[in-house]
Number of protein chains: 2
Amino acid sequence: MEKRATIKEVAEKAGVSKATVSYVLNNTKKVSESTKERVLQAARELQYAPDFTAVSLTKKKSRMIGVILPLINESIAGIMQENTYYNEMISAVEKTSRENNYDILLAGLARPEDYRSWVQKRRLDGLLFLGLFPEGIYREMHSMDVPAVLIDTYESHTENYPAVNIDDEKGGWLAADHLISNGHDKIVFLSVDLDNPVEKERFQGCKRALKEAGLPPPAVMKAEDIHSFESGYEAGRQLFKEKKYTAVISGSDTTALGIIRAVHDGGGKTPEDLSVIGFDDLRLSRYVIPSLTTIRQHIEKKGTLAAEKLVRVMEGQEEQPEMVDVELIVRESTGKR
Amino acid sequence: MEKRATIKEVAEKAGVSKATVSYVLNNTKKVSESTKERVLQAARELQYAPDFTAVSLTKKKSRMIGVILPLINESIAGIMQENTYYNEMISAVEKTSRENNYDILLAGLARPEDYRSWVQKRRLDGLLFLGLFPEGIYREMHSMDVPAVLIDTYESHTENYPAVNIDDEKGGWLAADHLISNGHDKIVFLSVDLDNPVEKERFQGCKRALKEAGLPPPAVMKAEDIHSFESGYEAGRQLFKEKKYTAVISGSDTTALGIIRAVHDGGGKTPEDLSVIGFDDLRLSRYVIPSLTTIRQHIEKKGTLAAEKLVRVMEGQEEQPEMVDVELIVRESTGKR
DNA sequence: CACTTGCGGTGAACCGGTTAACCTTTCTAG
DNA sequence: CTAGAAAGGTTAACCGGTTCACCGCAAGTG
């Protein structure tokens, strides 16, 4: 229908040159009040909005930031469908970005080389990595000199990118300490991979708590992944069958829910048969039955902080890593031994 | 660090003109095998990826689609954090889009005029509306002739945009019928606004089921919104206090969870004290305790369908509305009267 | 009164691609 | 042997903005 108006049309309508229109709209050079008014009027009437693809070309800034999510089965669906952690994060990021006039592009990318070409193609001004990615990626990104902020990653991998973390060690400690003070001594730590820095930190925290209580390090049980209900369910089934432990520390609330369900299906009860402690404190965690004892991390705050940090980095400022505090939230899924 | 390579550099390196490079890369004109090889080689070595902002400018296509979410409190957070329905949808959309070489831009827009300028600024090739928006928006969009596909909206509003729906009437019917055949006759329908076409359809379905069973139309109870745990909790609290009804039909699984929790907190049990039936069948619905009886809509399928439809519309094809089937999933949150 | 200065504005190059029009060579056919 | 077509490239205009260099004119200066 209507064609979008261009700057040329606005210029003609206002009887000035393209340059003047640009100066007026960007407030980037002195223009007399009267012409300014004429230009603005014309722009308004034509419903003019500058074409960012053209602007990006000259300014070399797209005002878009890429938000990169981990893939499960070649798709971000795995993560977004199962674990609302990411959703809470994304919404916070979207909000902060919009407030700073950035649009966000959402993607899960498969092959490392896709990252580079994505950034190049879209001229992304910055990148937000949600979670841990293969190490090579960061180096690759670094070599193209694109601002980035990392969430939930540790220094060993970051190539000096600023990161936003939580205090995972403390989280692990809080979880273990809570269980210990409820009389548990047969505690198991559910883990996908203790080499993952996040899990490693949490595990360190657990160990420290147990040590402080004069107990040996916790047992470790392998899980398929840290995000899904199903992997929790599977773990829960085994734990309930073996009956070797009285408490389990799970990597996420989502997984905790799976464990609890498995215990239930096996005929057991939470926390009577198995105390379960989650991680994250998702929205739903206070509503499920039993509600989840969990380590709360302020997800929204983390997302906001990361986005703000990215904005500053894109503006050329130096930024330091930041650590968000965690907190133990005691609810119904854990109990006295 | 490294500057991104431009087509000019590739051309020089390969000893040909910019045009030739473009022809080779887009396979849009005959070029001899030998030159083609040289060009590809040069492109590879320089890690060249065409700049989409430049491409968009000439082709007048950005290969980006905008995904628009409803706002709660000026942010999409409200919806993404509470109700995973949207997340499941978005992931499906992202996947399908990527497969078709489109990137997605995520946004919740506040004022109607923002939509227009957003589309213009970003040169969006198409729009996906998730949910119902103020009527004026669609007209506005229509006037700019941008392809769009609507999800969960009904004709009265759509200005002839193709839409992807579920059979809400049937959903309502299935829910009511299930309850009736379990002996319930004091059923309440939880609703935000019966003028909302989605809710209206579901309510129609309920009424039909009750009528077919020789019962009067169901009572209606007002809820704050259809998406949040909290609005369910509030409703549940009241319902349990009044004890006038034996079963409630909720607008979403999220809300259902809130209801169940409220009953629990009041000292009651689900389904013994109140049968609760949800809508959506989210991932978590089979894991919570009690697991939710619900009307399943294949969310992922809906998202995929909608994205595919949008791709076709953007390619100039005519498209018809589509309706996805729903299905009753019986679990633990409903029981015999 | 001639000479700078400042104001308000314009022209044109440029960003990085695409593509229509055109130009050489070489091949084919009459 | 020559006209015409096909093959393989190149040139240059264009997309819609931004911005640098420059320009005309009125006001200020010595």
Side-chain angles (χ1 to χ4, degrees), chain A residues 2-40 42-43 46-64 101 117 119-125 144, chain B residues 2-40 42-43 46-64 101 117 119-125 144:
Chain A
E2 314 168 24
K3 208 63 236 86
R4 310 148 163 50
T6 71
I7 198 173
K8 194 163 153 231
E9 295 167 318
V10 176
E12 281 164 8
K13 180 148 195 160
V16 296
S17 69
K18 281 181 3 178
T20 304
V21 176
S22 173
Y23 289 133
V24 170
L25 264 30
N26 296 304
N27 229 320
T28 167
K29 203 182 168 189
K30 196 121 200 58
V31 174
S32 74
E33 271 309 316
S34 62
T35 4
K36 192 180 281 185
E37 202 32 69
R38 285 212 321 285
V39 169
L40 290 174
L46 294 171
Q47 303 204 71
Y48 173 73
D51 183 330
F52 263 56
T53 61
V55 175
S56 309
L57 205 50
T58 44
K59 292 229 187 133
K60 295 175 174 319
K61 293 266 170 270
S62 61
R63 291 214 82 88
M64 296 197 296
N101 288 313
S117 74
V119 171
Q120 267 185 235
K121 279 198 304 216
R122 292 298 183 193
R123 250 180 215 240
L124 299 179
D125 293 344
M144 15 185 354
Chain B
E2 314 169 24
K3 206 70 232 81
R4 309 147 162 53
T6 71
I7 198 174
K8 194 163 153 229
E9 294 167 320
V10 176
E12 280 164 8
K13 178 148 195 161
V16 296
S17 69
K18 283 179 2 177
T20 304
V21 175
S22 172
Y23 289 132
V24 170
L25 264 30
N26 297 304
N27 229 321
T28 168
K29 203 182 168 189
K30 194 116 201 63
V31 173
S32 74
E33 272 309 316
S34 61
T35 359
K36 192 181 281 186
E37 202 31 69
R38 285 211 322 285
V39 169
L40 291 175
L46 294 171
Q47 303 203 72
Y48 173 73
D51 182 330
F52 262 57
T53 62
V55 175
S56 308
L57 205 51
T58 43
K59 292 227 184 135
K60 294 175 174 319
K61 294 266 168 271
S62 62
R63 291 214 83 87
M64 297 197 297
N101 288 313
S117 74
V119 172
Q120 265 184 238
K121 279 197 305 213
R122 292 297 184 196
R123 250 182 214 228
L124 299 179
D125 293 344
M144 16 186 349

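Lettering of chains follows the sequences in order, A, B, ..., and the numbering in each one begins at 1.
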Do any pairs count as a side chain to side chain donor-acceptor pair (under 3.5 Å) and have a residue in residues 12-21 of chain B, sequence neighbours left out, and if so which ones?
->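 For residues 12-21 of chain B: B/Lys13-B/Glu45, B/Ser17-B/Thr20.
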Length of the line joining [X]:[atom1] and [N]:[atom2], which is rounded to integer Å:
X: B/Lys61; N: D/dG16; atom1: NZ; atom2: C1'; result: 16 Å
X: B/Glu9; N: C/dC15; atom1: CD; atom2: C1'; result: 13 Å
X: A/Asp51; N: C/dG16; atom1: CG; atom2: C1'; result: 14 Å
X: B/Arg4; N: C/dG16; atom1: CZ; atom2: C1'; result: 13 Å
X: A/Asn27; N: D/dG17; atom1: CG; atom2: P; result: 18 Å
X: B/Lys8; N: C/dA13; atom1: NZ; atom2: C1'; result: 13 Å
X: A/Arg123; N: D/dG17; atom1: CZ; atom2: P; result: 16 Å
X: A/Glu12; N: D/dG17; atom1: CD; atom2: P; result: 12 Å

Nearest-0.5 Å distance, CD of residue B/Glu37 to OG1 of residue B/Thr35 =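 Answer for the CD-OG1 pair, B/Glu37 versus B/Thr35, is 10.0 Å.
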Please work out which residues in residues 30-39 of chain B have a non-hydrogen atom less than 4.0 Å from an atom of DNA chain D and list them by number.
-> B/Lys30, B/Val31, B/Ser32, B/Thr35
For A/Thr6, check side-chain hydrogen bond (donor to acceptor under 3.5 Å, both in side chains) against everything at least two apart and list the hits.
-> none
Output all residues satisfying side-chain hydrogen bond (donor to acceptor under 3.5 Å, both in side chains) with B/Arg38, sequence neighbours left out; order by chain, then residue number.
-> none
Judged by atom type as modelled, is there a donor-acceptor pair below 3.5 Å linking the side chain of B/Arg123 to the main-chain atoms of B/Ser56?
->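 Yes; judged by distance alone, with no hydrogens or angles, the pair exists.
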Look at the side chain of A/Ser117 and the backbone N and O of B/Ala49, then say whether any donor-acceptor pair between them is shorter than 3.5 Å.
->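 No, the answer is negative, given that no donor and acceptor are paired below the 3.5 Å cut-off.
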Between the two end axes of the helix from C/dC1-D/dG30 to C/dG30-D/dC1, each built from 5 base pairs, what angle do you get to the nearest 10°?
-> 50°
Summarise protein proximity over nucleotides 18-27 of chain D in one line of letters, 5' to 3': B for base, S for sugar-phosphate only, - for none, counting protein heavy atoms closer than 4.0 Å.
-> BBBB------
Any idea which heavy atoms bring [X] and [Y] closest together, and the distance?
X: B/Ala43; Y: B/Val10; value: N-CG1, 3.9 Å
X: A/Arg63; Y: A/Phe52; value: CB-CE2, 3.9 Å
X: A/Met64; Y: B/Met64; value: SD-SD, 4.0 Å
X: B/Gln120; Y: A/Tyr48; value: NE2-C, 4.2 Å
X: B/Asp125; Y: B/Ser62; value: OD1-N, 2.9 Å

Mind checking B/Ser17 for me? I need base, sugar-phosphate or nothing, with any heavy atom below 4.0 Å counting as a touch.
-> base
